[in-house]
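See structure below.
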Amino acid sequence: MFLAFRESVATALETALAANDYPTDDLGIEEPPEDVEAVFASSVAFRLAERAEAPPPKVAAELADAIDPDDYDYLDRVDVQGPYLNFLPDESYFADTLEAGGDAAFGRLPDRDTSVVVEHTSANPTGPVHVGRARNPIIGDAVANALDYAGYDVERHYYVNDAGRQMAVFTWAYERFDEEDLPEPARDRAEYRMVRYYRKGNAFLEEADPEEVEEAEAEIEAILQGLEAGDEETYERVGEVVDTVLGGMKECLARLPADFDEFVKETRFMRDGSTDDVVARLKELDGAVYEDDAWQLTFDDIEKNLVFLRADDTSLYTTRDLAHHEWKFDNYDRAVTVLGEDHKLQAEQLGETLELLGNDTDRLSNVIYSYVNLPEGKMSTRRGTGVQLDDLLDEAIDRAREEVEDRMDDRLRDDDLDEADVERIARQVGIGAVRYDIVSKQPTKGITFEWERALDFEAQSAPYVQYVHARCCGILDEARRASESASGDEPRADEADELEPVADTSVLTTDSERDLIRSLARFPGVVESAASDLEPHQVATYTRELADRFNAFYRECPVLTADDAETRAARLALVAASKHAVANALDILGVEAPESM
RNA sequence: GGGCGCUUAGCUCAGUCUGGACAGAGUACUUGGCUUCGGACCAAGCUGCCGCGGGUUCAAAUCCUGCAGCGCCCA
């Protein structure tokens, strides 16, 4: 309704402007401050004042007069408040919102028939996922979810850098060292076992006799050359290491959960010839030069050249990534990449080069986030410094479990939570809190990881929002049981929230009811905006507002014990809509919505 | 040295792209509220040179510019 109403307002304004011979390129539509009753407002009168040779309030009045609300859907009236035009919705706006909210898919936008590939995480398979990287899957997954809700056909990809020096070093180390010479793994899972070889290998290259290091470097070089030459045996050796480590990392990411439709390997674009093809086309470009023993590409806007082919004819990471991105363009309408700020220059060069190669780079967007650092500095898989994501999640779950147990005695509701429930709630709340904390902030802001802060369940956190969902479920559950015992019929098997299809909003008269329904109406607009800006934190900001509004409503308005049947039915519909909005908003954020907690 | 990003209440953050109605939340601190649908809740109070200086504008946290601090990147 929100989006349809915005359309109406835009059309109304445009028509009124045109009728008065004003330009229609700037409508100045905005959402007014909270204490103004309107859903939309326009500040256009400010800008027209000079041209009209009249003060803004007068222009605003003139425009308001030119609009007949009857001509536009959902528009009840246009108020003039000083220089502002305020657009107020009619009752059908609220009624339609309540009806739409009854659908479990509330907030999902119509199919756009447009495919998007979201690439995220793409961490080199060198070892356990640490917290420094954790922002990527959490933001990436939420971006993908937001696009999905906004009606795009979304594919989630993890690009696997299996052709670089890191993997050659890893493969060499894995074959070179014996397990009995390694320390115990921190955790009994593939990537924790495997990373020991990688660390040992790197330490060896730094500390061993120069002669031995030289020998090792020759073996590493041989692996790289083997990959470049398309040698099958080399692929298999490297592939074993890559797949094993990646297998463990997948398990870790699945705990968030962050799942992928496809793991796209870099070597794929070496083997299918597309990297060679890219190289050939790059050489033909005007900006291509051979300098300092390498083929490079110069740019107009970027100072730094892009080296795309070494003297020994080996390709570089970015060269292969160019082939990768052209493959994306061939298979998807749009491509979104979530990457750390350290890759920003690379990404700019990549975009420029794709453009020079004749691609339409408007189809490509990047979401860039700042790294999570420890108070004492950077995290590193190679050096073994940092906090592992697994440890953070375990700790979060442990603390959440303590909370659940502490609160057990205070619970008003006697729904007898058993051991399995406690464990479920601990997991939902613990992991939810970690994700919410990360996804609710602008990605460009730096985060310094601190245990206490990351695991704060108070504050504007996931549990606060999750609690609203559980409350809604509790009320709807009560309502269903009451209706079953009253009717004496067979228990209905369908959803509790389908109980009361009647949505007569005219009985919802208190401020808290109106505020809540207003917030509910905005939800599809929030989804739209979060998806088009690729900013899932907008959804997190919204969940807080919605939760606030719901709690205020809950306090003011008894639902099950409402004065009359109509009010009860309408309030139940409000609860059902709230439940759907909260559940779906949390779903976008990748946070579970518990039915009880 | 050059490029990019960040800087808003004691603390953690929205708001900045697209300038517009008195700059908002939470937390902390001070109060008050459970025989009533779930108190992980609600209500009231307190909290600001929006990093600093200049500019554009009827209007600047928001745009431009110089500077500082922090982060990232570049040989």
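A note on names: the letters A, B, ... follow the listed sequences, proteins ahead of strands, and every chain is numbered from 1.
Across all strands shown, A:Val429 has heavy atoms under 4.0 Å from base atoms, whether or not it also approaches the sugar-phosphate. Residue contacts for A:Glu303: at a heavy-atom cut-off of 4.0 Å it reaches the sugar-phosphate backbone alone, with no base atom in range. Nucleic acid contact class of A:Glu595 (heavy atoms, under 4.0 Å, all strands): base. Residue contacts shown for A:Tyr554 include a base, since a base heavy atom lies under 4.0 Å away.
The phosphate of B:A40 (OP1 or OP2) has a side-chain N or O of A:Arg407 nearer than 4.0 angstrom. The side chain of A:Arg471 contributes an N or O atom lying less than 4.0 Å from OP1 or OP2 of B:G39. For B:C72, the OP1/OP2 oxygens have no side-chain nitrogen or oxygen of A:Tyr369 closer than 4.0 Å.
Side-chain atoms of A:Asp79 and A:Tyr84 form no donor-acceptor pair, as typed in the model, at a separation below 3.5 Å. Counting only N and O atoms by type, the side chains of A:Thr11 and A:Glu14 include no donor and acceptor under 3.5 Å apart.
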>> Applying ring pair (Phe, Tyr, Trp, His ring centres under 6.0 Å) to A:Tyr464 and A:Tyr467, what does each step give before you reach the verdict?
In response: CA-CA 5 Å; A:Tyr464 175 72; A:Tyr467 188 64; 8.3 Å; no
>> Set out, in order, the CA-CA distance, both residues' side-chain angles and the distance that settles ring pair (Phe, Tyr, Trp, His ring centres under 6.0 Å) for A:Phe40 and A:Phe2, then state yes or no.
In response: CA-CA 10 Å; A:Phe40 295 106; A:Phe2 181 83; 5.0 Å; yes
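The side chain of A:Tyr467 approaches B:C41 more closely than any other nucleotide in the set B:C74, B:C41, B:C37.
With both ends at atom C1', the span from B:C52 to B:C70 equals 15 Å, rounded to whole Å.
Taking for each of A:Phe553 and A:Asp548 the nucleotide of RNA chain B with the nearest heavy atom, the 5'-most of the two is the partner of A:Phe553.
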> What is the per-nucleotide protein-contact pattern of nucleotides 11-21 of chain B, from the 5' end, where B denotes a base atom under 4.0 Å from a protein heavy atom, S denotes such proximity for sugar-phosphate atoms only, and - denotes neither?
Replying inline: SSSSSB---BB
